[in-house]
Student: 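Before anything else, here's the structure in question.
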2 protein chains.
Amino acid sequence: MAKYDPDLSLLFHALSDPTRRAMLERLARGPAAVTELAGPTGLRLPTVLRHLSVLEEAGLITSAKDGRVRSCALVPQALVPMTDWLEGQRALWEARLDRLDDYVTRLMKERER
Amino acid sequence: MAKYDPDLSLLFHALSDPTRRAMLERLARGPAAVTELAGPTGLRLPTVLRHLSVLEEAGLITSAKDGRVRSCALVPQALVPMTDWLEGQRALWEARLDRLDDYVTRLMKERER
DNA sequence: GTGATAGTTAGAGGAATGGCTAAGTATGAT
DNA sequence: ATCATACTTAGCCATTCCTCTAACTATCAC
């Protein structure tokens, strides 16, 4: 089992860091240069660059250099594999929740007698 | 910025490992004991236990001991914070995609003249 | 109580992560 | 040509992660 899906792992890992999520939230308002993304984080540039490369390797952002400025932007479709997986799970999990409800309900009815 | 939301970080981190995702997928088919979860992974028990505790600390599963067997089960609502965040982002990202489309369309119309 | 079963705890080791400084390169402005 | 800006690269350090072995505890079955 557990044939590993590098895509999902990279994606979930990329989102597991609050700094990176904050960067994505900033980028949701439009493309931005590296320095601009660094600003609110309080982190040094090399550190920020590492975070950006994690995001880029996960396919969540693209970046291109224009003159001496590197501009970063979201890759909108990038969330799809994750939302698909979560959606699939949610469906199954809720089915289980229903069965649990049934079970509890049945238990309580037993008690009432 | 980046006021950190430990919840989301724990959740995304928990899902970033293929072994843990496989365990969740197994649990989606119903509760299971530790040894049963360990089986398909090929990992040693202490390793499996560590994965389970990551899942449990993220709030994705619960476990309870009955006799000498520990039974693990999903916590169905646990995915909600993640899907909420992703849904919020998706909305913003797609808005950006629309604007990009607009932009490209406009560019192409300019070219046509 | 003996032995097998199902976890559990403690600890070690190597790789990956997240942060830094220091020193580089490339480009725009004067 | 000089200087400031905007990254970029290289390397260090502490911590966390994933996995293991070895030894332990707690049931259950005889």
Student: Go through B:Thr47 and B:Arg44 one step at a time and tell me if the side-chain hydrogen bond (donor to acceptor under 3.5 Å, both in side chains) criterion holds.
Tutor: CA-CA 5 Å; B:Thr47 307; B:Arg44 302 296 184 165; over 6 Å; no
Student: To the nearest 0.5 Å, how far apart are CZ in B:Arg90 and CH2 in B:Trp85?
Tutor: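 The distance works out to 13.0 Å.
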Student: To the nearest 0.5 Å, what is the distance between CG on B:Leu27 and CG on B:Leu55?
Tutor: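 Result: 8.0 Å between the selected atoms.
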Student: For A:Asp17 and A:Asp66, find the nucleotide of DNA chain C closest to each by heavy atoms; which residue's nucleotide sits nearer the 5' end?
Tutor: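 Comparing both residues, the 5'-ward one is A:Asp17.
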Student: Does a side-chain N or O of B:His51 approach OP1 or OP2 of D:dC17 to a distance below 4.0 Å, or not?
Tutor: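 False: B:His51 side-chain N/O out of range (4.0 Å or more) of D:dC17 OP1/OP2.
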Student: Just to confirm, is there a sub-4.0 Å distance from OP1 or OP2 of D:dA22 to any side-chain nitrogen or oxygen of B:Arg44?
Tutor: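 So the side chain of B:Arg44 is outside the cut-off, no N or O lying under 4.0 Å from OP1 or OP2 of D:dA22.
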Student: For B:Ala14, is there any backbone N or O sitting under 3.5 Å from a side-chain donor or acceptor partner on B:Arg20?
Tutor: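 Yes; judged by distance alone, with no hydrogens or angles, the pair exists.
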Student: Under 4.5 Å between any side-chain heavy atoms of B:Thr41 and B:His51, yes or no?
Tutor: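 No. Closest side-chain heavy atoms not under 4.5 Å.
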Student: Taking OP1 and OP2 of C:dG18, is either one under 4.0 Å from a side-chain nitrogen or oxygen of A:Thr47?
Tutor: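 Checking C:dG18 against A:Thr47, no side-chain N or O comes under 4.0 Å of OP1 or OP2.
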Student: Working to the nearest 0.5 Å, report the span between CE of A:Met82 and CG of A:Asp7.
Tutor: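 That separation rounds to 9.5 Å.
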Student: May I ask you to evaluate whether B:Thr19 reaches the phosphate of D:dC18, defined as a side-chain N or O under 4.0 Å from OP1 or OP2?
Tutor: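 No, because none of the side-chain N or O atoms of B:Thr19 sits under 4.0 Å from OP1 or OP2 of D:dC18.
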Student: Within the structure provided, determine whether A:Pro18 and B:Ser9 are in side-chain contact (heavy-atom separation under 4.5 Å).
Tutor: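 They are in side-chain contact.
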Student: Between A:Arg21 and B:Phe12, is any pair of side-chain heavy atoms under 4.5 Å apart?
Tutor: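 They are in side-chain contact.
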Student: Is any side-chain heavy atom of A:Ser63 closer than 4.5 Å to one of A:Glu56?
Tutor: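 Side-chain contact under 4.5 Å: yes.
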Student: Quantify the bending of the helix from C:dG1-D:dC30 to C:dT30-D:dA1 as the angle between its end axes, each fitted on five pairs, to 10°.
Tutor: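 Rounded to the nearest 10 degrees, the bend comes out at 20°.
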Student: Between B:Leu43 (CG) and D:dT19 (P), how many Å, whole number?
Tutor: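 About 5 Å, once rounded to whole Å.
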Student: Could you go over nucleotides 10-16 of chain D and give all protein N or O partners under 3.5 Å, atom names and distances?
Tutor:
none

Student: Tabulated below should be each protein N or O lying under 3.5 Å from an N or O of nucleotides 24-26 of chain D; please produce it.
Tutor:
none

